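Single-structure report; data block below.
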Amino acid sequence: MNALLSLQNVWVEYGDKVVLERINLNIEAGSFVSIIGPSGAGKSSLLRVLLGQEAPTKGTILLNDEPLKPQCEPDRGVVFQRYSVFSHLTVLGNTVFGLECAQAPLTARLFGARRRAAEAEAEEMLAAVGLSDNLHLYPAQMSGGMQQRLAIAQALIKRPRLLLLDEPFGALDPGIRADMHALITRLWSDYSLTVVMVTHDIGEAFSLGTRVLTLDKARHDPHAPHRYGATVVYDLPLKKQATVEAGTCVDNGAENGPEVNCIITVDETRNN
Amino acid sequence: MNALLSLQNVWVEYGDKVVLERINLNIEAGSFVSIIGPSGAGKSSLLRVLLGQEAPTKGTILLNDEPLKPQCEPDRGVVFQRYSVFSHLTVLGNTVFGLECAQAPLTARLFGARRRAAEAEAEEMLAAVGLSDNLHLYPAQMSGGMQQRLAIAQALIKRPRLLLLDEPFGALDPGIRADMHALITRLWSDYSLTVVMVTHDIGEAFSLGTRVLTLDKARHDPHAPHRYGATVVYDLPLKKQATVEAGTCVDNGAENGPEVNCIITVDETRNN
Amino acid sequence: SPTAEETAAPRTEFSIGWSIYAGWMPWAYADQAGIVKKWADKYGIEINIVQVNDYVESVNQYTAGQLDGVTVANMDALTIPAAGGKDTSAIIVGDYSNGNDGILLKGSDSLSAIMGRQVYLVELSVSHYLLARGLESVGMSMTDVRTVNTSDADIASAFTSPDVTAAVAWNPQLSTMRQTPGANEVFSSADIPGEILDLLVVDTATLQANPNLGKALAGIWYETTALMQRQDEQGRAARAAMAELAGTTLENFEGQLATTYLYTEPQAAVAATSDAALIETMTRVRDFSFSQGLFGQGASSADAIGMAFPGGKTLGDPDHITLRFDETYMQMAADGAL
Amino acid sequence: MRWVNRNIGRRNSLLLGAIPILVLLMVYLVVSADRHAINPSDKILPIPGAMVQAMWGLVFEPDRLSGRLLFWADTFASLQRLGLGIAISTLAALIVGILLGILPPVRATFSTLVTGIAVIPPIALLPILFIAFGLGETAKVALIVIGVAPFMIRDIAAHMAALPREQIVKAQTLGASTWQLILRVALPQAMPRLIQAVRLSLGPAWVFLISAEAIASDIGLGYRIFLVRRYLAMDVILPYVAWIALLAATTDILLNWSSRRLFRWAHGANH
Amino acid sequence: MRWVNRNIGRRNSLLLGAIPILVLLMVYLVVSADRHAINPSDKILPIPGAMVQAMWGLVFEPDRLSGRLLFWADTFASLQRLGLGIAISTLAALIVGILLGILPPVRATFSTLVTGIAVIPPIALLPILFIAFGLGETAKVALIVIGVAPFMIRDIAAHMAALPREQIVKAQTLGASTWQLILRVALPQAMPRLIQAVRLSLGPAWVFLISAEAIASDIGLGYRIFLVRRYLAMDVILPYVAWIALLAATTDILLNWSSRRLFRWAHGANH
Ligand SMILES: Nc1ncnc2c1ncn2[C@@H]1O[C@H](COP(=O)(O)OP(=O)(O)OP(=O)(O)O)[C@@H](O)[C@H]1O
Ligand SMILES: Nc1ncnc2c1ncn2[C@@H]1O[C@H](COP(=O)(O)OP(=O)(O)OP(=O)(O)O)[C@@H](O)[C@H]1O
Ligand SMILES: [Mg+2]
Ligand SMILES: [Mg+2]
């Protein structure tokens with residue numbers, strides 16, 4: 001198995017509520033996986049498990065064929081659904097933070113030329129997300145969308161091997177969103193990142209992803225809705241990727257989705 | 001002037017940063033105003049001012065031809081951008097709260113038959129937003145989209161005369177979003193509400209609204225970006241509304257926007 | 001708080017405060033053993049014996065009018081209630097300290113070694129007075145030592161610290177401190193007998209309006225002291241009970257009694273009260289107190305406060321007499337007129 | 001694994017928590033044995049046997065004079081005073097704290113006063129306190145209340161003032177009056193914080209209780225400690241202090257547990 | 001307008017805040033005049049003239065024995081002790097509080113101990129403190145530290161433990177080690193809370209300072225208060241207490257102000 005990430009029969013439960021059940025999934029290095037699914041299906045929970053923030057209730061996760069430690073390593077980057085930036089740092093401070101940690105193990109602060117270099121890098125990234133004019137604002141002084149862009153810049157500057165994005169562009173207007181799409185695509189191909197992105201915008205899922213996963217409940221008990229969890233009900237590899245299987249594009253009922261002109265495989269995965 | 005809300009030369013500033021400048025706006029009773037604009041333009045700030053949460057730095061706001069008090073009245077409902085529900089109340093408790101305040105001035109709690117009636121009403125509303133299975137969860141146990149739907153249910157159950165929505169459907173998947181659109185349209189026409197909605201989804205703005213406002217900076221000083229604020233750069237009344245002027249539909253560069261087949265007036269408002 | 005008119009009116013319920021000290025334990029025992037009730041009933045009144053753990057606070061509360069009477073040393077009676085304008089009558093002179101107060105030094109058994117040391121003591125108390133008298137006896141003055149105010153509750157443990165090499169204290173702390181390795185008692189109240197008196201004082205106005213209170217108190221006192229002097233089983237039991245109330249053992253308590261000169265016979269107490277030596281003692285105490293500023297910032301001379309003694313003798317300002325040594329009730333006890 | 005992520009299970013927690021306490025006990029035993037080797041009648045750090053002996057009578061044998069088991073009578077009296085003092089303070093903190101935190105006019109008018117009262121050391125005003133409240137139980141309870149209530153009030157007020165502005169706005173758009181807002185939004189959210197404030201105040205409350213009992217009392221844990229202090233009877237003082245620590249620690253654990261039980265929403269997983 | 005929304009301006013705030021204090025002063029003057037009408041030499045509630053007279057000498061006239069202006073010498077000595085005690089406690093709270101709050105193994109090992117120390121009334125254990133710290137300045141500072149540090153430590157630890165889990169996770173994904181996380185995420189966010197904790201501890205710190213000075217001392221505000229308590233000189237005690245209140249209130253205001261200046265992000269508009 002040469003997958004970067006491999007989930008084997010993973011379950012996530014909160015108390016007696018089953019959120020995710022029987023997730024079997026292999027994510028290859030360099031792929032861009034979009035995850036869609038109804039609200040409350042467990043998309044964020046799946047990301048938390050991949051991140052190492054939470055351990056699954058059952059099942060194993062292998063990263064490079066080794067069990068994933070329930071700990072967040074710097075090789076994984078994340079943008080949370082509720083934009084979480086450090087409220088005590090300015091825009092610039094938030095962005096430089098990752099560089100400082102890497103370059104100054106002891107003080108976690110940079111000085112002199114190294115600081116200027118780091119700040120220049122951060123400013124470049126902030127320009128890319130459109131925050132050049134706001135370098136010295138604190139998060140409490142920014143709009144929702146600005147905080148979200150800051151979180152994106154903060155994660156991207158580290159160029160993590162595995163990037164986990166939870167509705168990263170949800171609060172952005174179409175113009176800026178398009179810029180962000182370009183940015184992420186560029187970084188993805190330049191640094192051969194592996195990206196897992198949760199989104200509600202089906203157009204985005206298909207235009208960015210090399211593979212689209214749909215999380216939903218496969219079975220439902222109307223009297224005890226919490227007894228069954230969601231699982232991967234559709235797993236659609238898209239043509240863009242090197243290794244593509246034959247298939248036809250499916251209309252997902254996306255209201256505002258663009259016309260996706262691609263050939264995909266609707267292969268109901270084995271796990272349900 | 002028979003407008004419900006009337007803004008005259010309204011400015012909003014934070015410190016020396018001008019966020020909104022020279023806003024002149026009349027909102028008629030029964031209209032559904034969509035507000036679009038780039039991230040950080042001041043859309044949420046405008047809603048806060050309309051809500052009475054903040055007083056504008058300059059200018060007057062008239063509600064029914066009387067100056068708006070800087071106080072939030074129950075005739076105005078709101079869904080904030082960052083879903084803010086009461087973390088100490090369950091889903092049902094959050095939804096019933098508005099009814100309890102109205103019916104039990106002293107205890108703010110209902111008992112017996114009246115409680116059952118209120119809960120039935122709340123459950124109906126929660127069913128409409130798809131939270132029937134989660135009546136007794138606390139907000140901390142819910143996903144982002146579920147909290148957002150709860151906030152919508154909480155505001156709608158009061159059927160406020162003026163409803164202010166700040167990206168209310170941002171964290172919802174297309175299926176549930178369509179349900180929400182239907183719900184809000186139904187309530188809007190059944191109870192002749194006046195709705196002001198901020199959104200980033202241009203399709204949504206045009207399909208739901210009777211008028212679309214675009215907030216953006218009309219002038220820009222590259223050396224002191226904070227010196228100029230945003231204002232209403234486009235004000236497009238749509239055909240749906242009873243009183244419509246002639247015009248043509250404009251492609252707003254919306255990536256995923258639907259084909260909007262309508263006749264609108266691009267009338268650059270006087271205020272810039 | 002009661003006004004003067006109210007206190008002056010005849011009443012039937014009174015509160016007397018006491019704190020733990022060898023010479024005052026009879027009050028606690030009398031309360032426990034029903035002697036208080038017996039005498040109070042006899043005069044148709046009610047007397048509450050109130051324990052106040054902190055001695056200074058008991059006197060303060062008396063001065064503030066919360067208590068009608070209190071057990072107090074002669075010097076404190078002068079500087080707290082009397083200096084505060086509260087007309088006070090000392091109706092029972094219970095005992096004098098005959099070794100109950102002492103100066104302890106570590107590493108020397110001569111008082112002259114105190115020169116230049118830090119002396120831990122309750123400042124402005126009888127300990128301070130004892131120190132002044134001790135220094136005087138070896139030709140030194142207060143400026144030859146540095147005093148450190150130490151709370152009476154903590155002085156025993158403070159003395160165990162190696163930092164502390166000189167202290168003045170009273171019993172029961174003194175007996176505890178004497179056991180500290182290396183401690184020597186170099187001066188004690190036994191060297192100035194009769195100067196540190198332990199009194200029961202009551203508010204003069206209350207007493208005048210209610211002479212029965214004085215009679216009952218005298219009755220209680222002399223019955224109890226007679227009982228505790230007895231060398232039989234009953235006397236032993238009474239002393240054991242007092243020891244327990246004081247939180248100590250019988251041996252320890254009897255050790256403290258040995259350094260307390262109890263006026264068990266009312267005649268002896270009357271004689272001591274009427275003796276001219278008392279006036280001399282009070283003059284000394286008064287001069288010391290004044291020199292330490294204990295009469296308050298307003299007092300311009302040692303004569304600011306007036307004291308009255310049996311036989312119409314007075315000391316200080318005769319127009320502002322606030323401390324009266326009143327032998328009437330002790331005399332009645334001596335006469336068996338109670 | 002990084003130390004921040006090393007979560008410790010319940011049982012291991014108990015074991016680890018016991019270590020420093022056991023170490024302290026060991027140190028005590030060694031030092032005490034040491035001192036006794038030099039001075040067999042050392043009173044400051046008594047050996048365990050002496051403590052057991054001293055406590056035996058207080059715990060199991062009725063006092064000859066009053067017929068009471070002194071240890072239990074002391075405990076009961078102190079707990080009663082402490083309970084009353086804490087209860088009154090808690091109520092005051094709840095009412096005054098919420099009003100101060102939520103209503104700007106009330107805050108403007110009274111916050112200076114509350115700060116003033118909070119920073120005045122009550123023990124400096126003992127004579128006035130005893131004059132105002134008498135020498136009975138009231139004064140002791142009052143000292144506890146004056147000692148801890150201002151702190152609790154300020155803590156609750158600060159917590160209430162920090163409630164997200166959106167919640168206040170939201171409640172008002174839902175039709176809540178000031179009163180309803182206090183009752184349904186502020187009060188329930190103050191409760192878990194109140195329990196925390198009580199936990200933090202327990203230490204100071206015991207200090208004030210003991211101070212009060214040291215001054216005017218004839219029963220209580222603090223009274224006994226100050227009574228035997230005259231004789232340096234550490235063989236009674238140390239077990240009494242240990243007992244106070246045990247009582248206080250138990251209260252602390254109970255409060256924490258009940259906060260978790262009663263206010264699940266405040267302790268819930270918050271990913 | 002609803003009371004929750006009635007924001008009071010800075011100047012009106014000052015005016016309103018002065019009202020209850022003035023009322024209290026008036027009540028004092030009336031009651032005091034009343035008592036003096038009955039007993040002209042009443043010591044409990046002295047009239048202002050008497051207080052001025054009593055204080056005059058202490059403030060302006062050098063003491064006959066030591067040649068010092070007693071009032072200022074007292075103030076200086078007390079502030080020095082208090083400052084040192086608070087400084088040490090703050091440092092302890094910062095270091096231990098953050099470690100306890102952030103690192104689960106440290107929490108498991110030491111939280112029981114800290115709770116235990118927090119609830120043990122230090123004044124009950126004075127004899128042991130005397131052995132450990134002697135009777136000099138160290139002991140006084142130590143009493144303050146033992147009195148307030150555990151409270152502050154627990155407060156900071158609770159605040160740190162309540163940091164959003166996302167922040168810890170986020171910092172780790174950005175490459176922060178445990179040490180970097182403490183230095184750059186926990187520490188700066190603990191600072192504003194620390195200032196709040198110091199503000200809340202000032203009251204107890206003064207209590208412990210005064211207790212310490214009451215135990216064994218020859219200078220200090222608490223020393224003077226307890227010394228003159230021996231002859232119920234409320235004309236000295238009350239001005240001293242008022243002075244302490246003034247000092248403490250000033251510190252409180254300064255701390256609050258500096259927190260707002262230094263940690264804008266923590267006080268910022270949070271719509
Ligand atoms: N307290 C503050 N101090 C300074 N600037 C502030 C403050 N609050 C908001 N702003 C600024 O006001 C501007 C408008 O913010 P607002 O939240 O209204 O934007 P928005 O249009 O809602 O954006 P979004 O679509 O991202 O939510 C932003 O540029 C923000 O930086
Ligand atoms: N602590 C908890 N206790 C109980 N249930 C929980 C808890 N945390 C999350 N859940 C449940 O887990 C489910 C999945 O939540 P999650 O946040 O993963 O959904 P999501 O797919 O990200 O939804 P959204 O699109 O709305 O963000 C939800 O139904 C939620 O109610
Ligand atoms: Mg989610
Ligand atoms: Mg916004």
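We name chains A, B, ... by the order of the sequence lines, and we start the count at 1 in each one. Quick note: numbers below take in every heavy atom, side chains included, and nothing from hydrogens, waters or symmetry partners. Source: prediction; values computed, not measured.
Within the model, atoms CD of A:Q154 and NZ of E:K170 stand 3.5 Å from one another, a figure rounded to the nearest 0.5 Å. A:L106 contributes atom CG, which lies 7.0 Å from atom CH2 of E:W179 (distance to the nearest 0.5 angstrom). Distance check, rounded to the nearest 0.5 Å: OG of A:S87 to CD of E:Q167 gives 5.5 Å. Between atom CG of residue A:L89 and atom CD of residue E:Q189 there is a gap of 8.0 Å, rounded to the nearest 0.5 Å. With rounding to the nearest 0.5 Å, the separation of CZ in E:R165 from OG in A:S84 is 12.5 Å.
For the pair A:H88 (side chain) and E:R184 (backbone), a donor-acceptor distance under 3.5 Å is present.
For the pair A:R76 and E:Q172, the minimum side-chain heavy-atom distance is 4.5 Å or more. Counting heavy atoms from C-beta outward, A:K158 and E:T173 have side chains that stay 4.5 Å or more apart. A:Q141 places a side-chain heavy atom less than 4.5 Å from the side chain of E:R264.
Crowding of A:E124 atom CD: a count of heavy atoms from other residues, nucleotides or ligands under 6.0 Å not exceeding 12. Remark: A:R115 CZ is packed, more than 12 non-hydrogen atoms of other residues, nucleotides or ligands lying under 6.0 Å away. In the displayed structure, A:W11 atom CH2 is contacted under 6.0 Å by more than 12 heavy atoms of other residues, nucleotides or ligands.
For E:G175 against A:P74, the heavy-atom pair with the smallest separation is CA-CB, 3.5 Å. Smallest separation of non-hydrogen atoms from E:Q180 and A:E100: NE2-O, 4.2 Å.
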task = Decide yes or no on side chain to side chain contact (heavy atoms under 4.5 Å, CB included) for E:V169 and A:C72, but give the supporting numbers first.
result = CA-CA 6 Å; E:V169 169; A:C72 319; 3.5 Å; yes
Derivation and outcome, side chain to side chain contact (heavy atoms under 4.5 Å, CB included), residues E:E166 and A:V78 = CA-CA 10 Å; E:E166 275 94 349; A:V78 68; over 6 Å; no
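Heavy atoms closer than 4.5 Å to chain E are found in the side chain of A:L51, but not in its backbone.
Counting heavy-atom pairs under 4.5 Å between each of A:P105, A:G77, A:A155 and chain E puts A:P105 at the top.
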